[in-house]
Protein chains: 2
Amino acid sequence: MELTQARREILEAAAACFMEQGFHATSIDVVARRMGATKGRVYHHYQSKVDLFFDVHRLGMALLFDAVEPARQAPGDALQVLAAMMRAHALAMFRHHAFESVVVQGVQLHRFGALTPRQRQELDELIASRDRFEQLFKQQAAAARDAGLLQAPDLSVAVKTLLGGLQWSLIWYRPEIDDSQATQERLADAMVNLLVQGLATRRQGSAAGGQGA
Amino acid sequence: MELTQARREILEAAAACFMEQGFHATSIDVVARRMGATKGRVYHHYQSKVDLFFDVHRLGMALLFDAVEPARQAPGDALQVLAAMMRAHALAMFRHHAFESVVVQGVQLHRFGALTPRQRQELDELIASRDRFEQLFKQQAAAARDAGLLQAPDLSVAVKTLLGGLQWSLIWYRPEIDDSQATQERLADAMVNLLVQGLATRRQGSAAGGQGA
DNA sequence: GTCTATATGGTGATAGAC
DNA sequence: GTCTATCACCATATAGAC
């Protein structure tokens with residue numbers, strides 16, 4: 001995604017507003033006011049509020065892919081790679097909290113009102129990119145299962161539950177209050193460890209306890 | 001919660017609308033239209049849209065407590081009881097999908113605009129009841145940990161991640177499409193099993209594989 | 001490029017007939 | 001108790017000055 005500085009600044013303001021108040025409750029006026037501007041500026045760069053929302057969502061997805069795709073080359077077995085991807089996902093959500101909150105909001109919003117054909121297509125592309133993101137984890141989980149490292153009768157349910165556990169942190173954890181990097185990594189590790197190892201005590205430890213890189 | 005039939009009907013319609021479109025995008029007109037009525041009927045029973053939302057949320061929480069509290073008396077050790085509570089939670093979300101979607105929406109909504117003192121207090125009570133619900137799981141998890149059945153460095157993070165994994169199903173699973181009871185139970189079991197046992201293969205199986213009741 | 005109007009439509013809430 | 005009619009307000013989006 002290439003973005004001018006002007007657009008980037010608008011996206012940051014919009015992401016923060018959408019996160020705090022939600023898409024429908026956010027007016028273009030408050031987005032502009034957050035930048036110390038008026039809505040003329042916003043409408044010069046974006047045709048409509050929906051287009052603005054879509055661009056925030058698009059950047060949010062790009063940031064996720066940028067964080068998770070490198071983790072696929074993490075060292076270790078297939079399960080350790082999956083854990084590294086989950087860890088990268090969690091850290092990216094902390095780092096880009098507002099944008100990723102908007103992504104989750106996009107998942108939940110079924111109706112945006114009437115969309116132009118172009119907007120409809122952009123929405124379809126966003127949905128497709130979310131599917132692709134989930135596929136990243138599903139493929140890695142499949143590899144881990146083929147290697148006998150992973151138990152899951154239904155891989156699709158497992159991955160969705162897993163990502164849900166991570167993504168829920170967008171709601172209860174607010175990185176702006178306590179944003180030490182070490183704290184964030186400890187939190188990410190705690191979530192990943194729970195999801196990989198499970199709640200139940202392991203009497204005889206199997207491998208795959210550590211996260212890669 | 002005592003509810004007249006009239007109020008109950010309004011709540012059902014409102015829950016469906018809030019789920020599909022979100023609080024802000026839902027107009028009282030469409031809630032009324034869903035009942036084949038006009039908004040005069042809604043405003044006769046509810047002073048404002050916020051009050052209506054709060055009542056949907058309140059009923060959603062009541063339904064959750066009604067489902068999970070009995071599960072605390074499930075047979076088995078402390079971890080099996082926790083699993084039974086999770087299973088009950090999942091099934092309650094499937095059963096009352098619209099209401100629980102609204103509850104999750106309530107967690108995310110930070111700002112409702114200006115609230116009267118009474119509304120402010122009702123919101124505080126709703127937040128408190130959500131905390132109480134989480135405490136139910138946290139206490140049970142603590143009991144399981146004291147019994148040596150559960151590993152989790154941070155119980156609070158573990159419970160939040162756990163509930164997040166379950167609650168995410170509100171977004172991707174739509175019970176109205178395929179609502180066979182057996183399917184729902186299989187899905188609930190799959191999620192609970194993943195969260196309790198973890199992704200990683202267990203070479204030597206410890207106990208706590210079955211869900212109670 | 002950014003601003004200040006302003007047109008336009010929709011929504012929460014109320015008043016009062018029936 | 002439920003309806004219709006209406007008010008007041010707010011938000012999206014546009015037009016045009018600077």
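Chain naming here is simple, since letters A, B, ... match the order of the sequence lines and numbering starts at 1 in each.
- Proximity of the aromatic rings of B:His89 and B:Phe133 is defined here by a centroid distance below 6.0 angstrom, and this criterion is met.
- Counting any heavy atom pair closer than 4.0 Å across all strands shown, A:Thr26 reaches sugar-phosphate atoms only and no base atom.
- If you find the closest nucleotide of DNA chain C to A:His44 and to A:Lys39, the one lying nearer the 5' end belongs to A:His44.
- Here the P atom of nucleotide C:dG10 and the CZ atom of A:Phe112 are 20 Å apart, to the nearest Å.
- A:Leu52 has its CG atom 10 Å from the P atom of D:dA13, to the nearest Å.
- The phosphate of C:dT11 (OP1 or OP2) has no side-chain N or O of B:His24 nearer than 4.0 angstrom.
- Look at B:Arg130 and B:Glu134 and you find no salt bridge, because none of the NZ, NE, NH1 or NH2 atoms lies under 4.0 Å from a carboxylate O.
- The distance between atom CZ of A:Phe23 and atom C1' of D:dA11, rounded to the nearest whole Å, is 12 Å.
- Backbone-only engagement by A:Ala37 is indicated by non-hydrogen atom pairs under 4.0 Å involving sugar-phosphate atoms exclusively.
- For the pair B:Ile28 CD1 and D:dC7 C1', the computed distance is 17 Å after rounding to whole Å.
- Here B:Thr38 reaches the OP1 or OP2 of D:dC3: one of its side-chain N or O atoms lies under 4.0 Å away.
- By the 4.0 Å N-to-carboxylate-O rule, B:Arg58 lies close enough to B:Asp55 to be salt-bridged with it.
- Looking at every heavy atom in both residues, B:Ala32 comes nearest to B:Val42 through CB-CG2, 4.1 Å.
- Rounded to whole angstrom, the span from the CD atom of A:Gln5 across to the P atom of C:dG1 amounts to 14 Å.
- Comparing A:Gly40 and A:Asp29 against DNA chain D, the residue whose closest nucleotide sits nearer the 5' end is A:Asp29.
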